Chemist: 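The structure's right below; bear with me while I get my questions together.
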Amino acid sequence: MKRFRTRAVHAGQRPDPLTGAHATPVYSTSTFAYGSFERGARLFEGEEAGFIYSRIGNPTVRAFEEKMASLEGAEDAVAFSSGMAAVSALAFTLLRPGDEVVYLAPLYGGTEGFFLETLQKFGVIATDAGDVERLEARLSPATRLIYLETPTNPNLCIYDLAEVARVARAHGILSCVDNTFATPYLTRPLEFGIDLVLHSATKYLGGHGDALGGVLAGPKELIDAVRMEGLRHLGGALGAFEAFLLLRGLKTLPLRMEAHCAGALRVAEYLAKHPTVRRVHYPGLPSHPGHAVARRQMQGFGGLVSLELPSREAAGAFLNSLELFTQAVSLGDVESLATHPASTTHQLLEPALRERHGITEGLVRLSIGIEDPDDLIADLEQALERATATTLVDS
Ligand code: 3LM
């Protein structure tokens with residue numbers, strides 16, 4: 001098998017069989033002519049492989065799926081119109097009323113909201129295990145799925161993938177890791193015994209902040225099941241043009257991740273020394289509680305850095321003073337972004353739940369782009385100075 005950087009460029013792609021086009025064409029078509037009554041029946045029966053309708057499969061989307069399966073070391077992958085479409089398709093395919101999902105919080109606010117509100121309406125229980133040490137004790141006979149992120153959104157906790165996989169396998173329960181923050185360049189959860197990997201492709205996979213997408217990778221049998229039920233019946237299919245953008249973005253994933261990681265480490269080290277910053281969350285800092293595990297399971301510590309300022313007001317003043325960072329949700333773009341999770345990405349959660357997950361009112365999340373780290377640090381410095389002055393005057 002070729003190495004990761006080579007697969008990022010080549011996997012899933014081949015010259016177009018009709019024209020020889022080198023770049024994968026955007027197959028912008030809803031339906032595919034099946035030619036004869038007999039072939040139509042064979043395609044629908046699954047006796048012959050082929051494209052039928054773009055909600056179920058499309059050649060540009062298929063190239064993206066094959067590249068992602070290759071990068072995650074999975075048998076197969078299925079793409080979606082967004083990360084949340086992937087989460088819901090997975091859940092509605094695998095879970096039935098009475099089943100339980102046990103998750104390790106925090107998660108992206110939308111995912112936890114979906115687990116606690118939407119799944120509950122369908123009779124599925126969602127339980128936060130708290131941490132890996134308590135995971136095994138929190139499992140019940142109804143537990144069907146263990147779900148986690150590492151590093152977590154927004155405060156970058158690290159969970160031990162080998163340990164989670166051990167517990168899941170010992171109890172015959174499926175495990176799924178949302179690998180959006182790490183990307184397969186830094187961590188490949190399946191290598192640790194995890195069953196399924198999910199991504200918001202909107203983030204680092206595309207990398208340029210111009211496409212929404214989602215993907216699920218894992219054993220062919222499970223991926224087929226999710227494609228034929230969660231994708232086909234819920235309908236969250238990835239568009240061909242978005243697949244083209246994601247394929248293009250993936251070619252530079254290794255190069256971009258190196259730049260994100262180097263910049264984030266510089267920023268984290270700078271922030272850790274700043275007197276106004278109460279705490280910095282970055283798995284690459286030796287002071288981070290998950291640093292040793294991160295060293296074992298990550299090939300770099302990622303491009304997200306979170307910092308705690310003394311109050312919501314200080315966080316607001318700091319964010320309003322940033323000039324190079326854009327105040328926006330999302331992450332993983334080549335441009336640096338900054339947001340206040342408590343009022344944006346995790347705003348839907350009850351304040352008490354946010355508190356329990358460590359999503360404080362003073363927490364700011366930075367997504368470090370690929371700009372020169374010196375320019376980013378200069379921007380953070382002037383914003384911290386202005387925030388300190390403003391909040392001192394206010395108090
Ligand atoms: C965000 N996150 O700013 P989409 N899994 C993870 C995520 O971070 C996200 C999803 C799944 C953010 C989006 S908040 C209004 C904007 C770890 C998304 C969901 O459906 O592609 O957005 O993925 O943290």
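Values reported hereafter were calculated over all heavy atoms of this structure, with side chains retained and with hydrogens, waters and symmetry mates removed. Throughout, residue positions are numbered sequentially from 1 according to the sequence presented. These figures come from a predicted structure and were not determined experimentally.
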Chemist: Test your reading of the model: is there a side-chain donor-acceptor pair from K203 to the backbone of S330, 3.5 Å cut-off?
Modeler: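 Such a contact is absent between K203 side chain and S330 backbone.
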
Chemist: Hey, does the side chain of T143 reach the backbone of E100 with a donor-acceptor pair shorter than 3.5 angstrom?
Modeler: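 Absent.
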
Chemist: Any idea which heavy atoms bring D99 and L94 closest together, and the distance?
Modeler: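 Taking D99 first and L94 second, the nearest heavy atoms are OD2-O, 4.0 Å.
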
Chemist: Short question: side chain of H346, backbone of L107 - any donor-acceptor pair under 3.5 Å?
Modeler: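 Side chain of H346 to backbone of L107: a pair is present.
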
Chemist: Hey, what do you get for NE2 (H208) to CG (D333), rounding to the nearest 0.5 Å?
Modeler: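 Answer rounded to 0.5 Å: 9.0 Å.
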
Chemist: Quick one, F4 and Q299 - any side-chain contact, counting heavy atoms below 4.5 Å?
Modeler: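 Not in contact.
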
Chemist: Does T24 offer a backbone N or O that forms a donor-acceptor pair with the side chain of Q13 under 3.5 Å?
Modeler: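 Pair absent, no side-chain N/O of Q13 close to backbone of T24.
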
Chemist: Pair L353, D128 - check side chain to side chain contact (heavy atoms under 4.5 Å, CB included), show working.
Modeler: CA-CA 11 Å; L353 194 60; D128 170 14; 5.6 Å; no

Chemist: Are Y53 and T31 close enough that some pair of their side-chain heavy atoms sits under 4.5 Å apart?
Modeler: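 Yes. Closest side-chain heavy atoms under 4.5 Å.
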
Chemist: Between E66 and R62, is a salt bridge (charged side-chain N to carboxylate O under 4.0 Å, His left out) present by the stated rule, with each step listed?
Modeler: CA-CA 6 Å; E66 286 182 12; R62 186 61 195 152; 3.5 Å; yes

Chemist: Taking all non-hydrogen atoms of both residues, which atom of V215 and which atom of A77 are closest, and how far apart?
Modeler: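 Scanning both residues, the minimum pair turns out to be CG2-CB, 4.1 Å.
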
Chemist: Salt bridge check, E350 against R356: does any charged N sit closer than 4.0 Å to a carboxylate O?
Modeler: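 E350 and R356: not salt-bridged.
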
Chemist: Taking the side chain as every heavy atom from C-beta outward, state whether I173 and V167 have any atom pair closer than 4.5 Å.
Modeler: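 Not touching, per the 4.5 Å side-chain cut-off.
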
Chemist: Restricting to non-hydrogen atoms, name the atom on F325 and the atom on L337 that form the minimum distance, rounded to 0.1 Å.
Modeler: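 Closest heavy-atom pair between F325 and L337: CD2-O, 3.7 Å.
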
Chemist: Are F92 and F122 near enough that their ring centres are under 6.0 Å apart?
Modeler: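 When the ring centroids of F92 and F122 are compared, they turn out to be within the sub-6.0 Å range.
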
Chemist: Check whether more than 12 heavy atoms from other residues, nucleotides or ligands sit under 6.0 Å from atom CZ of R295, and answer yes or no.
Modeler: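 Atom CZ in R295 is not crowded, with 12 or fewer foreign heavy atoms closer than 6.0 Å.
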
Chemist: Enumerate, atom names and distances included, each donor-acceptor pair closer than 3.5 Å involving a side-chain atom of residues 263-275, sequence neighbours excluded.
Modeler:
unit_1: R266; atom_1: NH2; unit_2: D374; atom_2: OD1; d: 2.6
unit_1: Y270; atom_1: OH; unit_2: E381; atom_2: OE1; d: 2.8
unit_1: H274; atom_1: ND1; unit_2: T276; atom_2: N; d: 3.1

Chemist: Testing the basics here: between G362 and A315, what is the closest heavy-atom pair and its distance to 0.1 Å?
Modeler: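 Result for this residue pair: O-CB, 4.1 Å.
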
Chemist: Is a donor on one side and an acceptor on the other found under 3.5 Å between the side chain of N155 and the backbone of P106?
Modeler: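 Pair absent, no side-chain N/O of N155 close to backbone of P106.
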
Chemist: With a 3.5 Å distance limit and no angle check, can you tell me whether R138 reaches the backbone of V102 through a side-chain donor-acceptor pair?
Modeler: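 Such a contact is absent between R138 side chain and V102 backbone.
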
Chemist: Write down the atom of Y282, the atom of G302, and the distance for their closest heavy-atom approach.
Modeler: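 Scanning both residues, the minimum pair turns out to be OH-O, 2.7 Å.
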
Chemist: Look at the side chain of E361 and the backbone N and O of R312, then say whether any donor-acceptor pair between them is shorter than 3.5 Å.
Modeler: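 No; judged by distance alone, with no hydrogens or angles, the pair does not exist.
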
Chemist: Are V61 and L43 connected, step by step, through hydrophobic side chains (Ile, Leu, Val, Met, Phe, Trp, Tyr) whose heavy atoms are closer than 4.5 Å?
Modeler: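 No; tracing contacts between hydrophobic side chains, which count when under 4.5 Å, never links both residues.
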
Chemist: Return yes if a side-chain donor-acceptor contact under 3.5 Å exists between T180 and E149, otherwise no.
Modeler: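 Note: T180 and E149 side chains miss the donor-acceptor criterion.
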
Chemist: Would you say the side-chain atoms of R55 pair up with the backbone N or O of R232, donor to acceptor, closer than 3.5 Å?
Modeler: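 Side chain of R55 to backbone of R232, a donor-acceptor pair under 3.5 Å: yes, one is there.
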
Chemist: Do E308 and H281 have a side chain donor and acceptor closer than 3.5 Å?
Modeler: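 Side chains of E308 and H281: pair found under 3.5 Å.
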
Chemist: Is it possible for you to say whether V164 and V87 belong to one hydrophobic cluster, with membership spreading through side-chain heavy-atom contacts below 4.5 Å?
Modeler: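 No, it is not one cluster - the side chains of V164 and V87 are not joined through contacts under 4.5 Å.
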
Chemist: Would you confirm whether N179, through its side chain, and T187, through its main-chain N or O, come within 3.5 Å as a donor-acceptor pair?
Modeler: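 Between the backbone of T187 and the side chain of N179 there is a qualifying donor-acceptor contact (under 3.5 Å).
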
Chemist: Measure the shortest side-chain to side-chain distance between Q297 and I158 over non-hydrogen atoms and say whether it is less than 4.5 angstrom.
Modeler: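 In contact.
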
Chemist: Less than 3.5 Å apart, any donor N or O on the side chain of Y103 or D178 sitting next to an acceptor on the other?
Modeler: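 Distance-only check fails for Y103 and D178.
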
Chemist: Minimum heavy-atom separation for L380 and L322, please, with both atom names.
Modeler: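 Minimum heavy-atom contact is CD2-CD2, 4.0 Å.
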
Chemist: Please set out all donor-acceptor pairs under 3.5 angstrom arising from side-chain atoms of residues 236-255, sequence neighbours excluded.
Modeler:
unit_1: T252; atom_1: OG1; unit_2: G249; atom_2: O; d: 3.1
unit_1: T252; atom_1: OG1; unit_2: R256; atom_2: NE; d: 3.1

Chemist: Tell me whether Y204 contacts the main-chain N or O of L331 through its side chain, where contact means a donor paired with an acceptor under 3.5 Å.
Modeler: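 Between the backbone of L331 and the side chain of Y204 there is no qualifying donor-acceptor contact (under 3.5 Å).
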
Chemist: Using a cut-off of 6.0 Å, state whether more than 12 heavy atoms not belonging to E221 lie near its atom CD.
Modeler: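 12 or below, so no.
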
Chemist: Are N320 and R386 close enough that a side-chain donor and a side-chain acceptor fall under 3.5 Å?
Modeler: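 The criterion, which ignores hydrogens and geometry beyond distance, is not satisfied for R386 and N320.
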
Chemist: I'd like to know if E48 and R42 make a salt bridge, using a cut-off of under 4.0 Å between side-chain N and carboxylate O.
Modeler: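 Looking at E48 and R42, the cut-off is met.
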
